[in-house]
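Here is the structure we will look at.
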Amino acid sequence: MPELPEVETVRRDLARTIVGKRVVKIDGPASKPLSRMRGLVLVNLRRRGKYLLAKMGDELELIIHLGMSGRLLAAAEVPRTSHVRLVIHLEGGVLLVFVDRRRFGRVTLVTAGDYRSSPTLMRMGPEPLTDAFNRAAFERQIAGARTPIKATLLNQRAVAGIGNIYADETLHRALIHPARRELTSAEVGRLHKSIRTVLAAAVRHRGTSFSLHRDGLLPAGSFGRHLRVFQREGVPCLSCGTSVAKIRLGGRSTYYCPGCQVPTTECNVL
DNA sequence: AGATCGGCCTGGACGC
DNA sequence: TGCGTCCAGGCCGATC
């Protein structure tokens, strides 16, 4: 459940339960490189883009990426699901469990602040819901882009935390075709605004709910009800009534409204 | 240096 | 029913 709103929801749900607790034991197939955490206190739980960062003691940091199918939950006992990758036993009988069916997720223990093991994290752009994400800086980042704007949104360098769902949703609200390359200043302004609006709303709704990350304990995300194009191929656009289209762009399924998001001559994909 | 492609995994949906 | 193929919310490393 990988994009910013979903990861932020996980962070908020877990923080209350696990922050301040000491690691008692670690097991599961992914536990071997993490043995140094034993006895350390989980000092805080932060989020950067789609990554969760848990400070462990004074010097270490646990980097968690949920990949495509990863789930992280606090529980009293190990879930009966298969695909449990890691169980961190905390004091007070709290278990922090990482379940990941497709195993695209990663859990890495590093010296605090040393992100060399993750190029994406090291080069991560500004957090979209903070002041660090301002329009002028965003415009500088994407000025003269040679690649489709959707690919730029997905690569995490211009802005952090956007994946396939929110790339399509923010571009639709900004009336920009996903294959567009160089944007006008007005378009950059609309996109900057829609990124903030859409992600903030999705965080309020606890993200977009998919079957993979319902654990039955915490409320599922409800932003799925507010999606306007993602996975709505053939459905009339809520703004103009045109059927939502599905194309492949940069190897990813891409949904957009051909009525609202009109390509121009500089868009050489269509 | 930056862009593009295949690889990593498993399982569900679909067509024959 | 069974088998094959395609697809899925993301990242990394090897290529050009």
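Please read all numbers here as calculations on a predicted model, not as lab measurements. Letters A, B, ... mirror the listed sequences (proteins, then strands); counts begin at 1.
Spacing of P atoms, C/dC11 relative to B/dG11, comes out at 22 Å, to the nearest Å.
For the pair A/F230 CZ and C/dG10 P, the computed distance is 8 Å after rounding to whole Å. Rounded to a whole Å, the OH atom of A/Y51 is 6 Å from the C1' atom of C/dC11. In this structure, the NE2 atom of A/H65 is 14 Å from the P atom of C/dG9, given to the nearest Å. The interatomic distance linking A/Q231 (CD) with B/dA13 (C1') rounds to 13 Å, in whole Å. In this structure, the CD1 atom of A/I162 is 14 Å from the C1' atom of C/dG9, given to the nearest Å. The CG-P distance, from A/L121 to C/dG13, rounds to 13 Å in whole Å. For A/L249 and C/dC7, the CG to P distance is 15 Å, given to the nearest whole Å. Per the geometry, OH belonging to A/Y255 stands 10 Å off C1' belonging to C/dC7, to the nearest Å.
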Would you give a per-nucleotide map of nucleotides 1-10 of chain B, 5' to 3', where B means the base has a protein non-hydrogen atom under 4.0 Å away, S means only the sugar-phosphate does, and - means neither? -SSS---BBB
N/O donor-acceptor pairs under 3.5 Å from side chains in residues 133-145 of chain A, not counting sequence neighbours:
unit_1	atom_1	unit_2	atom_2	d
A/N134	OD1	A/A136	N	3.3
A/N134	OD1	A/A137	N	2.9
A/R135	NH2	A/S185	O	2.9
A/R135	NH2	A/S185	OG	3.0
A/E139	OE2	A/S185	OG	3.1

Do any side-chain atoms of residues 35-45 of chain A form donor-acceptor pairs under 3.5 angstrom with protein atoms, and if so which ones, sequence neighbours left out?
unit_1	atom_1	unit_2	atom_2	d
A/R38	NE	A/V24	O	3.4

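With salt bridges taken as basic N to acidic carboxylate O contacts below 4.0 Å, none links A/K21 and A/E91. Using a 4.0 Å cut-off between charged nitrogen and carboxylate oxygen, A/E169 and A/R228 do not count as a salt-bridge pair. Here A/D13 pairs with A/R206 in a salt bridge; the nearest charged N to carboxylate O distance falls below 4.0 Å. Look at A/E187 and A/R180 and you find a salt bridge, because one of the NZ, NE, NH1 or NH2 atoms lies within 4.0 Å of a carboxylate O, short of that distance.
Nearest-nucleotide positions on DNA chain C for A/S118 and A/N164 put A/N164 closer to the 5' end.
Legend: residues meeting side chain to side chain contact (heavy atoms under 4.5 Å, CB included) with A/P258, ordered by chain and number and at least two apart, are A/T242, A/A245, A/Y256.
For residues 30-52 of chain A, the pairs satisfying ring-ring contact (aromatic ring centres under 6.0 Å, His included) are A/Y51-A/H65, with sequence neighbours left out.
Taking 4.0 angstrom as the limit, A/K50 places none of its side-chain polar atoms (N or O) nearer than this to OP1 or OP2 of C/dG9.
Judged purely by distance below 3.5 Å, without hydrogens or angles, the side chains of A/T147 and A/T152 pair a donor atom with an acceptor atom.
Consecutive pairing runs in DNA chain B reach the stem threshold at B:2-8 with C:10-16, B:10-16 with C:2-8, where a stem means at least three Watson-Crick or G-U wobble pairs with distances under 3.5 Å.
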